[in-house]
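Below is one structure, written out as structure tokens; the observations come after it.
Both counts, for ligands and for their atoms, begin at 1 and track the order of listing. The residues of the chain are indexed from 1 along the displayed sequence.
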Amino acid sequence: EVRVAPVAGDRDSGGGLFVLTFRDLTEARRMDRMRTDFVANASHELRTPLASLMGFIETMQGPARDDEAARIRFFAIMLDQAQRMARLIDDLLSLSRLEMRAHVAPEGQVDLGRTVTHVVDSLRPMANELGVEIELSLPDHTVMISGDVDELIQVFSNLVENACKYGQTGKRVEVTVTDMDKEGPQVTIQDFGPGIAKEHVPRLTERFYRVDVETSRTKKGTGLGLAIVKHILTRHRARLIIRSTPGEGSTFCVKFNPADQGEAVASKEIYK
Ligand code: ADP
């Protein structure tokens, strides 16, 4: 949006007004550019598995028509590619729903300890398969915050899953819920894997940003997980603080706003 109306009663505002107009234009261009980049990236990410699917279908219609063993192998790859497309579409839908709700404060009361316990319990089988042990520490009292439980489950699932996948070599992931008077409620997820080089850290929450595209793909990533996390946390007025030391591991800390602590009431039965 470009504002050109002169400011009434302020003669000297002319010069400033040009600067303002210029800034608004660059901001609008930047947003436009980001949108175009996003559509291009999303199309490319969907096009790749689709091309692979089409290739396999053609091979099965032609050269592999009578090769039963090859067909079985190809079907497995095709299912994998279709699942990758489904994950991408789910994440794209999540992002667009979150964008529509960006300016609406989340409603509801969330028991933080219980929510994090639910997430850790549901991810233990996946962690076990990777040979990772998840250690959970909770405060000795209930910590309630205002928020949307499904969205927060998505945040913690993403962070714990990333810690297990990318920090697999560390064999251990620590998840800690704290509630200190001054700091407010916090959830910390720490892994002891390879860590992330400094230059990548500020860009991790950008859509489709991955440190290593191949690793992300083999680990069934879409490159949208942390962008979704960022959107949800912004809506919750919470912050994500990432610390990482290459060779030692990474810590993702979610800090809630102390002013948003919820009432100490029993939460609804949502943890099935
Ligand atoms: P993806 O779907 O690729 O996992 P995310 O948005 O969740 O996408 O994460 C973006 C990138 O950040 C990942 O591809 C990975 O390179 C890096 N990353 C995220 N968490 C960790 C971690 N705990 N340790 C090392 N790298 C990580």
Contact partition for Ile196 relative to ligand 1, non-hydrogen atoms under 4.0 Å: side chain
For Asp191, which part has a heavy atom under 4.0 Å from ligand 1: side chain, backbone, both, or neither? side chain
Would you call Gly167 a ligand 1 contact, heavy-atom distance under 4.0 Å? no
Check: Val211 N/O within less than 3.5 Å of ligand 1 N/O: yes
Lys/Arg-Asp/Glu bridge criterion (N-O < 4.0 Å) met for Asp32, Arg35: yes
Is there a nitrogen or oxygen of Gly223 sitting under 3.5 Å from a nitrogen or oxygen of ligand 1? yes
Indicate yes or no for a side-chain donor-acceptor contact from Arg243 to the backbone of Ser250 under 3.5 Å, with no hydrogens or angles considered. no
Give the contacting part of Tyr209 toward ligand 1: side chain, backbone, both or neither, where contact means a heavy-atom distance below 4.0 Å. backbone
Protein heavy-atom partner closest to atom 18 (N) of ligand 1 - residue, atom, separation in Å: Tyr166 CD1, 3.9 Å
With a 4.0 Å cut-off, would you call Glu58 and Arg65 a salt bridge? no
Close-contact set for ligand 1 against Phe252 heavy atoms, below 4.0 Å: 20 (N), 23 (N)
Which residue holds the protein heavy atom closest to atom 3 (O) of ligand 1, what is that atom called, and what is the gap in Å? Ser216 OG, 2.6 Å
Lys230/Glu151 salt bridge by N-O under 4.0 Å criterion: no
Does this structure show an ion pair linking Arg97 with Glu99, if we count only N-O contacts that are shorter than 4.0 Å? no
Within-shell test, Ser250 vs ligand 1, heavy atom, strictly < 4.0 Å: yes
Identify, for atom 7 (O) of ligand 1, the protein heavy atom at the shortest distance, and state residue, atom and that distance. Asn162 ND2, 2.9 Å
Any salt bridge linking Asp191 with Lys165? Criterion: basic side-chain nitrogen under 4.0 Å from a carboxylate oxygen. no
Could you find the nearest protein heavy atom to atom 14 (O) of ligand 1 and give me its residue, atom name and distance? Arg210 CG, 3.2 Å
Using a strict threshold of under 4.0 Å (side-chain N to carboxylate O), is an ion pair present between Arg71 and Asp67? no
Arg235 side chain vs Arg101 backbone, donor-acceptor pair below 3.5 Å: yes
Closest protein heavy atom (residue, atom, distance) for atom 5 (P) of ligand 1: Leu226 N, 3.6 Å
Quick check: closest heavy atoms across Arg84 and Arg217, and the distance to 0.1 Å? NH2-NE, 2.9 Å
Considering only heavy atoms of Leu204, which atoms of ligand 1 have at least one such atom less than 4.0 Å away? 12 (O)
